[in-house]
Protein chains: 2
Amino acid sequence: MVAALAGVSRATVSRVVNGASSVDPGLTASVQKAVQALNYVPNRAARTLASRRTFTVTLLVPESTSKVFADPFFAAVVEGVARYLNTTEYMLNMVTSSESNPEKTRRYLLGGNVDGVLVVSHHTGDHSWAHLDGSLPLVFAGRPLLNSADAYFVEVDNEKGAATGTARLTGSGRTNIATIAGPQDMHPGVDRLAGWRGEVLRAGLTDALVEIGDFTVASGAAAMRRLLDRGAPLDGVFAANDQMAAGAYSVIRERGLRIPEDIAVVGFDDDYYATSLTPALTTIHHPISLLGEKMAEVLVDLIEGRPAERITRLPTSLVERESA
Amino acid sequence: MVAALAGVSRATVSRVVNGASSVDPGLTASVQKAVQALNYVPNRAARTLASRRTFTVTLLVPESTSKVFADPFFAAVVEGVARYLNTTEYMLNMVTSSESNPEKTRRYLLGGNVDGVLVVSHHTGDHSWAHLDGSLPLVFAGRPLLNSADAYFVEVDNEKGAATGTARLTGSGRTNIATIAGPQDMHPGVDRLAGWRGEVLRAGLTDALVEIGDFTVASGAAAMRRLLDRGAPLDGVFAANDQMAAGAYSVIRERGLRIPEDIAVVGFDDDYYATSLTPALTTIHHPISLLGEKMAEVLVDLIEGRPAERITRLPTSLVERESA
DNA sequence: TTGTATGCGTTATCAT
DNA sequence: ATGATAACGCATACAA
């Protein structure tokens, strides 16, 4: 370690570089100047070998690599993760689980090649990797219905977001508000429905107008059709995601109704559909890249032994456009 | 090295694992069985430290991280790079150059943290990193106008692609074919113009109908306007990229002309514009993810001391849609 | 607080 | 062809 030349011993240099246990200010200074002078940059491999830490975190994604990058959701998550990691000394590497046998992935992760893992299964949680927990810090995007023992999750505040979206409807005087809910076997579906219910009840309205979809455009259209076929008055609908809102749009049009005059529509996610629909969809913004950023932050905290929240809930915001 | 227990010495294990110089078949076998039994996986850090190789390649991109992931072009390149690297033992890490001082990036790259670098500056070449060459294997996406000494490039076959696109026009009997060329200070611009020229000349047509744009929609519209204002007959136009073709579309419409009846249009790149235009644009497909894949392949070849082509040209293909 | 010495898991050099 | 053994560059337990 050349820096020792310009100062004293090399254990001290290590301490200074790592900002560790108290070092004499004078020595600290001369070491730093030496570091500057020699343009010293610690060798990553040596550091890893000696400390048994890799300074690498893995982003574990389910689908095949090729699909991942084309997906705007993953792209945004990766962006957030990378943004946070850039402020640290950690590197990011991605591994797609399905490719080849999962055992290979497992061995890689457990083989001491990584300090922590970020699990991103599209929208909801594929927690088949939960068993890694305990051996390796793990942070999931979204949480599974049955909270696995002790894992860490980062998710958007689904319930509050849904309540905010619904409030947009109650607030503008709508009195017969329905919801096209998501699958009730995953948290986003359950929580968004709860958010809608809380708000309509708070406003003194009925919570009977519920139809379930599966987050696809087609299911949104089918749900809207069932809603309209009930014959009950209806002047507002909160869809649990923008895709189902898009499905609802087509049916509302099909019935000769106007948006938002006859039926106001509010969605959730603020994705591609939100802006491409006509009229543009009023929706709840889902901060995806922030999701990635927070996941990385929690993971690094975990790795460095800092305390972290078990569940981090991201704030949402209402994006007012023309449909409500 | 535990595997040594199940066999003989550890130098031998290393040789077997690395498939190096001749080892006795018998020993090879027992070592391999031991590897299986102990679920042995070589330690990356130790290997790096001893061999002075990192098994890591950097994807160097210009803009800030946040913009990179939103860009479909980069996403496709990354996808290709990742796809190839997944077949090797190399890892990918990305660094964005502009962030903070370039000196930091330079030090990182030269600090022995990386085995090679992939430079991807949007479409054309920002070769400000060419000076790294010699110290580190470098592969660029696209090549600069003045071929720097001895660097490696991977690019789409611009000239042949342009010729193919133009041939679509000459082949369908068009006789007054113009081109909206790209900037003449970068290779794609120059080569695509050359490809167009070669084909119209081959077909015995004039090569006078040229207007230059800068690859933006607005410049394409302006060029088309100038072309039409010449008053000369015109029944076909080859735009050097899809965005300029989109600009041309608007002007052609504005003049009350029909596509493709009055003027057939062919673009280049096969990007988002190609499918969203009406009528859908006939264009030359630019294999972006293949670009990434080949860049990674060339780089790894370079790193491992295998011979590689200085310039790799990717094949293009005509995508026939409705505009020509 | 600071220096010394040992070890991290592999590759590489040199004998054998 | 194979086995010792010395680096690789750093962190760290221990000693001072």
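Since the model is a prediction, treat every value here as computed from it, not as a measurement. So that the names make sense, note that chain A is the first sequence line, chain B the second, and so on, each numbered from 1.
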### Query
Any side chain to side chain donor-acceptor pair (under 3.5 Å) pairs touching residues 43-52 of chain A, not counting sequence neighbours?
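Residue pairs with at least one partner in residues 43-52 of chain A: A/Asn18-A/Arg47.
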Show me the protein contacts with nucleotides 3-6 of chain D, counting only N or O atoms at under 3.5 Å.
unit_1: D/dG3; atom_1: OP2; unit_2: B/Ser9; atom_2: OG; d: 2.9
unit_1: D/dG3; atom_1: OP2; unit_2: B/Thr12; atom_2: OG1; d: 2.5
unit_1: D/dG3; atom_1: N7; unit_2: B/Arg15; atom_2: NH2; d: 2.7
unit_1: D/dG3; atom_1: O6; unit_2: B/Arg15; atom_2: NH2; d: 3.4
unit_1: D/dA6; atom_1: N6; unit_2: B/Arg10; atom_2: NH2; d: 3.4

### Query
Expressed in angstrom and rounded to an integer, what is the separation of A/Arg53 atom CZ from D/dC10 atom C1'?
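Whole-Å distance recorded here is 14 Å.
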### Task
Measure the distance from CG on A/Asn18 to P on D/dG9 and round it to the nearest whole Å.
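Distance check: A/Asn18 CG to D/dG9 P gives 17 Å.
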### Message
What residues from residues 41-49 of chain A pass a heavy-atom cutoff of under 4.0 Å to DNA chain C?
### Response
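Hits under 4.0 Å, by residue number: A/Leu49.
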#### Entry: Nearest listed nucleotide, side chain of A/Val23, among D/dC10, C/dT2, C/dC8
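Side chain of A/Val23 sits closest to C/dT2.
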### Query
Are any of B/Ser14's side-chain N or O atoms less than 4.0 Å away from OP1 or OP2 of C/dT11?
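Indeed, a polar side-chain atom of B/Ser14 lies that close.
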#### Entry: Qualifying residues under salt bridge (charged side-chain N to carboxylate O under 4.0 Å, His left out), relative to A/Asp301, sequence neighbours excluded
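Salt bridge (charged side-chain N to carboxylate O under 4.0 Å, His left out) list for A/Asp301, sorted by chain: A/Arg306.
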### Between the first and last five pairs of the helix from C/dT1-D/dA16 to C/dT16-D/dA1, the angle of the axes, rounded to 10 degrees
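End axes: 30° apart.
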### Query
Should the heavy atoms of other residues, nucleotides or ligands under 6.0 Å from CD of A/Glu304 be counted, would the total exceed 12?
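Check passes, neighbour count above 12.
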Going by the rule side-chain hydrogen bond (donor to acceptor under 3.5 Å, both in side chains), which residues pair with [X] if we only count those two or more places apart in sequence or in a different chain?
X: A/Glu297; result: A/Lys294
X: B/Arg53; result: B/Tyr90
X: B/Thr56; result: none
X: B/Ser289; result: B/Arg83

### Query
Taking only residues two or more places apart in sequence or in another chain, which ones pass side-chain contact (heavy atoms from CB on, under 4.5 Å) with A/Thr28?
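Result, side-chain contact (heavy atoms from CB on, under 4.5 Å) vs A/Thr28: A/Val16, A/Val23, A/Gln32.
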### Message
Quick test of your reading: applying salt bridge (Lys or Arg N to Asp or Glu O under 4.0 Å), list the pairs with at least one residue in residues 14-30 of chain A, sequence neighbours left out, ordered by first then second residue.
### Response
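Listed once each, the pairs would be none.
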### Donor on one side chain, acceptor on other, A/Asp157 and A/Thr316, under 3.5 Å
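There is no such pair between these side chains.
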